[in-house]
Amino acid sequence: MTDSPGAAFRAEVAALVAAAGAKLGLASLPALEVPPDPAMGDLGLPCFGLAKALRKAPPAIAAEVAAAVPATGRSWVSAVSAAGPYVNFTMDRARLAAAVLADVEAVLRAPTKGQKVLLEHTSANPNGPLHVGRARNPIVGDTLARVYRAAGYEVEAQYYMDNLGRQVATLAWGKWNLDPASLPPAARDKVDHDLVRYYQAAHDLAKKDPAVAEKIKHLVEQLESADPAILEKVRPVYGSCFSGMQETLTRFGARYDSIKDESDVVLDGSVAKTIGALKRLPIAGVEPDGANFLDLASLLKGQKDKFFFTRKDGTSVYATRDIAYHAWKAEQVKGKGRLVNVLGEDHKLQALQVGTALDALHVERPTVLFYSFVSLPEGKMSTRANRVVFLDDLMDEAAERAYAEVKARRGDELPEAQMRAIAEAVGIAAVRFNIARIQPEKPIEFRWEEALSFDGDAAPYLMYAHARAANLLKKAKEAGLTSRGAATPAAGEQALAHAIGRFAPTAEEAAAQNAPHRMAAYALQLAAAFNDYYRDHRVLECEDPAQRALRFGMVAAAQKALARTLGTLAIPALDTM
RNA sequence: GGACUUGUAGUGUAGCUUGGAUAGCACAGAAGCCUCCGGAGCUUCAGACCCGAGUUCGAAUCUCGGCAGGUCCGCCA
């Protein structure tokens with residue numbers, strides 16, 4: 001697999017700089033950086049750090065280094081120049097533009113990594129509808145999965161079904177024992193909204209009535225031991241709740257490749273095995289009442305030092321089963337990949353405990369991407385306090401507002417059904433993008449106007465750029481245009497090609513840093529680059545056939561690049577909107 | 001109280017990992033651009049690194065201390 005043009009260029013510059021450094025007798029060289037203005041070059045070497053060793057002013061050093069760069073071995077480097085204290089290297093952009101024109105798919109393709117990424121995200125308890133506070137998990141997780149794929153990894157996106165434990169037990173007990181007539185009406189006619197009423201009522205009842213609390217506790221115990229009979233009895237309840245949640249996630253564009261039940265790791269003996277292994281660790285200890293713990297005082301600073309992995313009766317806690325689950329996951333990718341988790345910041349301590357335990361067991365720990373909460377101006381989202389925005393409602397509202405926009409613009413030319421379909425795509429993409437573009441560790445205060453914004457740095461801007469390209473291509477094809485016999489790419493083509501060429505490197509960087517929001521930033525840059533080109537280069541009206549073919553080819557390449565980029569963000573690439 | 005995390009124009013953000021050349025983008029504001037390949041677009045103007053020390057030739061970026069917001073500190077999940 002050949003390197004993308006950007007990677008090949010960087011490697012070449014590194015080799016040239018190393019050769020120049022050797023000629024001047026320099027042991028170490030500063031890191032390359034990207035100049036602020038592309039007119040200066042594509043990579044620059046700052047010479048400040050060399051001033052002390054050489055006892056010369058940085059600009060003089062830059063001139064010397066530039067002169068020492070060998071003239072041979074230049075394939076992607078078209079110019080080397082000293083600019084003040086920097087040595088700048090310019091990429092052969094005509095060659096890049098030619099590569100984009102010849103085979104844009106090859107330019108967009110990141111080299112296959114031959115590595116698998118098992119990526120766990122969302123994994124919400126199946127006891128009620130998803131709200132916007134939780135929605136950041138599928139957005140970050142699903143986008144990251146798509147970015148990893150674009151970066152050349154094989155990805156399995158997994159949902160960990162927490163089907164043991166109190167939440168499911170409470171839901172099931174409520175469903176079996178409560179009279180629907182005694183419950184408040186469901187917020188909407190959808191199974192997860194219907195079922196959450198039983199969960200809430202049972203939860204409230206357990207707080208007031210010790211007998212109910214005892215019954216639920218007993219059910220939890222039966223579940224934790226993964227009693228098959230009980231499991232089969234509970235499964236239809238949480239299963240139908242999950243089907244409602246899945247409907248929401250599917251509409252939201254989030255896809256899973258697999259679902260792993262928590263009960264599996266109990267049934268297959270992993271949990272028992274994990275408990276045994278943990279007990280044998282040097283840092284393991286036992287309380288007088290029989291509860292087992294790991295003493296993490298020497299490993300975690302300032303946190304709770306005792307991490308309990310069994311109760312006094314010897315049963316496992318959630319975190320113990322999580323360790324067993326991760327040991328199982330590690331086995332799945334052993335020697336051929338790695339684990340990535342997307343978790344809310346409230347799981348930080350728990351992830352630290354699980355990770356530390358995995359280290360002690362010599363099992364590869366996952367890398368974890370934490371996101372901060374989406375809260376309301378009034379405070380943290382809470383269903384019980386009636387301070388919550390459901391994802392279903394947000395998507396409805398987004399689609400409704402988008403419909404108003406489509407209707408205003410295209411009302412007299414498009415059929416109703418098509419306008420509805422466009423509105424659905426635009427509205428949901430806007431909601432996703434408005435969160436996806438923000439660095440995960442930044443807290444977000446939810447405001448309807450911002451979540452639903454269609455202006456500026458937003459999904460409709462990206463979708464519009466693609467629709468423009470697609471529409472233009474359609475007309476060009478009808479006019480019989482092709483990209484054969486194209487003229488030589490000039491500055492305009494080179495600028496657009498440069499933006500297109502950044503796709504694969506951006507995906508690789510975003511994957512390496514677990515930073516899906518970088519893909520969103522890139523998408524805005526690519527769309528802006530296309531809009532610049534579109535503004536300055538008429539295609540259909542171009543008189544010169546060679547120029548026209550060149551422009552057609554560039555727009556065709558840009559359309560493909562935009563479609564690929566939108567795909568990593570789960571934004572539909574519409575041909576018309 | 002402790003640990004972790006965030007603080008960038010009026011507002012929302014990028015850049016911080018790997019310190020460097022005019023801190024990028026958008027909304028709102030001001031002024032413009034369709035005899036148009038769709039104006040959900042484009043051009044111009046104005047406006048910001050929480051405070052204070054330190055390290056460095058150089059700090060939005062690294063370190064320390066404040067201040068402010070968020071999260072966590074269950075033999076719950």
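Order of the sequence lines fixes the chain letters, A, B, ..., with proteins taken first and strands second; residue numbering starts at 1 for each chain.
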**Q** Give A:L472 one of three labels, base, sugar-phosphate or nothing, depending on what nucleic acid heavy atoms sit under 4.0 Å from its own.
**A**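 Base, at least one base atom sits under 4.0 Å.
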**Q** Between A:Y318 and B:rA77, is there a contact of a side-chain N or O with OP1 or OP2 at under 4.0 Å?
**A** no
**Q** For A:M577, which contact category applies under a 4.0 Å heavy-atom criterion: base, sugar-phosphate, or nothing?
**A** base
**Q** Taking the side chain of A:Y461 as heavy atoms from C-beta outward, which of B:rA21, B:rG38, B:rC42 is closest to it?
**A**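 Of B:rA21, B:rG38, B:rC42, B:rC42 is nearest to the side chain of A:Y461.
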**Q** From C-beta outward on A:E450, which listed nucleotide comes closest to its side chain: B:rC73, B:rU43, B:rG12?
**A** B:rG12
**Q** Rounded to whole Å, how long is the line connecting atom CD of A:Q547 with atom C1' of B:rC37?
**A** 16 Å
**Q** Output yes when at least one side-chain N/O atom of A:R468 is less than 4.0 Å from OP1 or OP2 of B:rG39, else no.
**A** yes
**Q** Contact class for A:K312 (heavy atom, under 4.0 Å): base, sugar-phosphate, or nothing?
**A**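 Touches a base.
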**Q** Report yes if the distance between the aromatic ring centroids of A:F308 and A:F293 is under 6.0 Å, otherwise no.
**A**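 For A:F308 and A:F293, the ring centres are under 6.0 Å apart.
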**Q** Report yes if at least one side-chain N or O of A:N531 is closer than 4.0 Å to OP1 or OP2 of B:rG41; otherwise report no.
**A**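 No, A:N531 has no side-chain N/O under 4.0 Å of OP1/OP2 on B:rG41.
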**Q** Any base atoms under 4.0 Å from A:F454, or only sugar-phosphate, or nothing? Heavy atoms, all strands.
**A** nothing
**Q** Could you please name the option among B:rG15, B:rG70, B:rA77 that lies closest to any side-chain atom of A:E345?
**A** B:rG70
**Q** Do A:E400 and A:E424 have side chains that approach each other closer than 4.5 Å (heavy atoms only, starting at C-beta)?
**A**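 Not touching, per the 4.5 Å side-chain cut-off.
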**Q** Please report whether the ring centroid of A:F454 lies less than 6.0 Å from that of A:Y461.
**A** no
**Q** For A:N471, which contact category applies under a 4.0 Å heavy-atom criterion: base, sugar-phosphate, or nothing?
**A**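 Contact class for A:N471: base.
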**Q** Determine the contact category for A:P35: base if any of its heavy atoms lies under 4.0 Å from a base atom, sugar-phosphate if only primed atoms, P, OP1 or OP2 are that close, otherwise nothing.
**A** base
**Q** Any base atoms under 4.0 Å from A:D322, or only sugar-phosphate, or nothing? Heavy atoms, all strands.
**A**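 A:D322: no heavy atom of the nucleic acid under 4.0 Å.
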**Q** Residues two or more places apart in sequence or in another chain: which of them pass side chain to side chain contact (heavy atoms under 4.5 Å, CB included) with A:K279?
**A** A:I275, A:N292, A:F309
**Q** Is there a donor and acceptor pair closer than 3.5 Å between the side chain of A:N292 and the base of B:rC75?
**A**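 Side chain to base: no pair below 3.5 Å.
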**Q** A:R321 CZ to B:rC76 P: how many Å, rounded?
**A**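 It is 10 Å, rounded to the nearest whole Å.
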**Q** Within the 4.0 Å heavy-atom criterion, would you say A:F293 contacts the bases, only the backbone, or no part of the nucleic acid?
**A** nothing
**Q** Any side-chain donor-acceptor pair under 3.5 Å between A:E120 and A:Y159?
**A** no
**Q** How are the rings of A:Y534 and A:F530 set to each other: parallel, tilted or perpendicular (split at 30° and 60°)?
**A** tilted
**Q** Tell me whether the OP1 or OP2 atom of B:rC16 has a side-chain N or O from A:R518 closer than 4.0 Å.
**A**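 Yes, because at least one side-chain N or O of A:R518 sits under 4.0 Å from OP1 or OP2 of B:rC16.
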**Q** Can you check whether any acceptor in the base of B:rG38 is under 3.5 Å from a donor in the side chain of A:T576, or vice versa?
**A**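 Such a pair is found, so the answer is yes.
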**Q** Residues of residues 214-221 of chain A with any non-hydrogen atom less than 4.0 angstrom from an atom of RNA chain B: list those, numerically ordered, please.
**A**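 Nucleic-acid contacts, sorted: none.
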**Q** Check every atom of B:rC42, B:rC73, B:rA77 against the side chain of A:E224 and return the nucleotide holding the closest atom.
**A**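 Among B:rC42, B:rC73, B:rA77, the one nearest the side chain of A:E224 is B:rA77.
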**Q** Using whole Å, report how far OH of A:Y464 lies from C1' of B:rC37.
**A** 11 Å
**Q** For B:rA77, take OP1 and OP2 only and decide whether either is under 4.0 Å from a side-chain N or O of A:R311.
**A**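 Looking at the OP1 and OP2 atoms of B:rA77, one of them is under 4.0 Å from a side-chain N or O of A:R311.
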**Q** Between A:K442 and B:rG7, does any side-chain N or O lie under 4.0 Å from OP1 or OP2?
**A**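 For A:K442, the contact criterion (side-chain N or O under 4.0 Å from OP1 or OP2 of B:rG7) is met.
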**Q** Could a donor-acceptor pair under 3.5 angstrom be found where the side chain of A:Q513 meets the base of B:rU17?
**A**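 By the distance-only test, yes, there is a pair.
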**Q** Is the distance from OP1 or OP2 of B:rG15 to the nearest side-chain N or O of A:H517 less than 4.0 Å?
**A**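 Looking at the OP1 and OP2 atoms of B:rG15, one of them is under 4.0 Å from a side-chain N or O of A:H517.
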**Q** Using heavy atoms and a sub-4.0 Å distance, could you list which residues of residues 537-545 of chain A are near RNA chain B? By number, please.
**A** A:H537, A:R538, A:V539, A:L540, A:E541
**Q** On the nucleotide B:rC37, are OP1 or OP2 found under 4.0 Å from the side-chain N or O atoms that A:K477 carries?
**A** no
**Q** Any side-chain N or O of A:R410 under 4.0 Å from OP1/OP2 of B:rA40?
**A**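 Looking at the OP1 and OP2 atoms of B:rA40, neither is under 4.0 Å from any side-chain N or O of A:R410.
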**Q** Base, sugar-phosphate or nothing for A:Q167? Non-hydrogen atoms, less than 4.0 Å.
**A** sugar-phosphate
**Q** Heavy atoms from C-beta onward define the side chain here; which of B:rA14, B:rA77, B:rU13 lies closest to that of A:N125?
**A** B:rA77
**Q** Indicate, with a heavy-atom threshold strictly under 4.0 Å, whether A:R551 touches base, sugar-phosphate, or nothing.
**A**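 If one applies the 4.0 Å heavy-atom cut-off, A:R551 turns out to touch nothing in the nucleic acid.
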**Q** Choosing from B:rA77, B:rU6, B:rA21, which nucleotide comes nearest the side chain of A:D162?
**A** B:rA77
**Q** Reckon A:D536 touches a base, only the sugar-phosphate, or nothing at all at heavy-atom distances under 4.0 Å?
**A**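 No contact.
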**Q** Give a yes-or-no answer on whether the side chains of A:T143 and A:R432 include a donor-acceptor pair shorter than 3.5 Å.
**A**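 Yes, side-chain donor-acceptor contact under 3.5 Å.
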**Q** Could you please name the option among B:rG38, B:rA77, B:rU22 that lies closest to any side-chain atom of A:D37?
**A** B:rU22
**Q** Heavy atoms under 4.0 Å, any strand shown: does A:G344 hit a base, just sugar-phosphate, or nothing?
**A** nothing
**Q** Tell me whether the side-chain N/O atoms of A:Q350 come closer than 4.0 Å to OP1 or OP2 in B:rC76.
**A**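 A:Q350 to B:rC76 OP1/OP2: no side-chain N or O under 4.0 Å.
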**Q** Is the terminal nitrogen or CZ of A:K260 (NZ for Lys, CZ for Arg) located under 6.0 angstrom from the six-membered ring centre of A:Y325 and within 45° of that ring's axis?
**A** no
